[in-house]
Amino acid sequence: MKKDYTILVTRQIPEAGLEILKKNFKNVIVNTKNRNLTHNELIKKVKGVDAILCLLSDKIDSEVISNMDRCKVISNYAVGFNNIDIDEATKHGIIVTNTPGVLTDATADLTWALILAVTRRIVEADKFLRKGKFKGWAPTLLLGTELAGKTLGIIGAGRIGTAVGLRAKGFKMKVLYFNTNRNETLEEEVGAKKVSFETLLKNSDIITIHVPLTPKTKHLIGEKEIKLMKKTSYLINTSRGEVIDEKALIKALKSGRIAGAGLDVFEQEPFVPKELIELDNVVLTPHIGSATVEARTKMAIMAAESIVKVLSGKIPANVVNSEVLKVIKLKTC
Ligand SMILES: O=CC(=O)O
């Protein structure tokens, strides 16, 4: 039987997730506009809803949360949850969930796509060919950098960092990682070495970032850190834009202080600085780390199931604000 609850889905998501919600609840409101809801629209629409399924681009701040008069769960359609004021949600007794695990491989693949694209100048080469400039094979045409024997430096060896590191074996790369805890999988499978932040910056040929955005990781890479990197190195970011000081990165890319960058995320999305767009040594993608049919479908199912669990009085495994469980009573499942 359908429960008499109202669910707000802030943007069209894969049908598999919507089906779960529609099967379980009487009122499922989906924003079918081909754009995100504005902050004001969110403030109005969250009133009277029992759960919200939102995007990483929806800013769920204290103003939005204080208008949630019935909401029991905010289910974020993303693994990162820096778009949500977690403390405020906890204060209001609202459970926050995310979608870990199901997008790990998709994001690791995209990370490698950026590594290969920037080191082998794929975007430049594609543009060159389309402009009709290909006049025949030439010994020094569009030379790039080889990966075999080089060092991959992973900042943040959680699920995605690990998946990226495991793929390094196929490219015959050495792996360094910087992480709070030891990562035995990476050490055993690819002979990775846990090193200090400074050692990683100084010794890696490709540096790839896989940390969540928190006050501690904001601008983790700035001018000072870039100065430690090799002049021939590349910086890859598929985590969150704010982890890098974009201005400092642009300066380094323009001056040749580092060789290049592959960026899927930006400080003020969807804004991308013109200076980045104009650079040839950068490959840019529009935050598509998890953008595979498989990952996005699994994310939709996971996000919907979290709502079903909470509204059935159960605790899903992927709660990000577990302190909230001290104040509300639900069953673990
Ligand atoms: O960036 C994507 C996510 O956090 O899921």
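One-based numbering, in listed order, for ligands and for the atoms of each.
Interface of Gly80 with ligand 1, defined as ligand atoms under 4.0 Å from a residue heavy atom, comprises 3 (C), 4 (O). Using a 4.0 Å cut-off to heavy atoms of Leu56, the atoms of ligand 1 that qualify are 1 (O), 2 (C), 3 (C). Close contacts between ligand 1 and Leu103 involve ligand atoms 5 (O) [criterion: under 4.0 Å to a heavy atom]. Heavy-atom proximity to His287, at under 4.0 Å, picks out these atoms of ligand 1: 1 (O), 2 (C).
Backbone and side-chain nitrogen or oxygen atoms of Arg240 are examined, and one is located within less than 3.5 angstrom of a nitrogen or oxygen of ligand 1.
Here Glu223 pairs with Lys227 in a salt bridge; the nearest charged N to carboxylate O distance falls below 4.0 Å. A salt bridge is absent between Asp69 and Lys47; no separation between the charged side-chain nitrogens and carboxylate oxygens falls under 4.0 Å.
Asn318 and Ser306 share a side-chain donor-acceptor pair at under 3.5 Å.
Among Asp264, Thr208, Thr111, Thr285, the single residue meeting the side-chain hydrogen bond (donor to acceptor under 3.5 Å, both in side chains) criterion with Thr238 is Thr111. Partner Tyr177 forms a side-chain hydrogen bond (donor to acceptor under 3.5 Å, both in side chains) with one of His210, Glu187, Arg182 and no other, that one being Glu187.
At the top of the distance list for atom 5 (O) of ligand 1, counting protein heavy atoms only, stands Val79 N, 2.8 Å.
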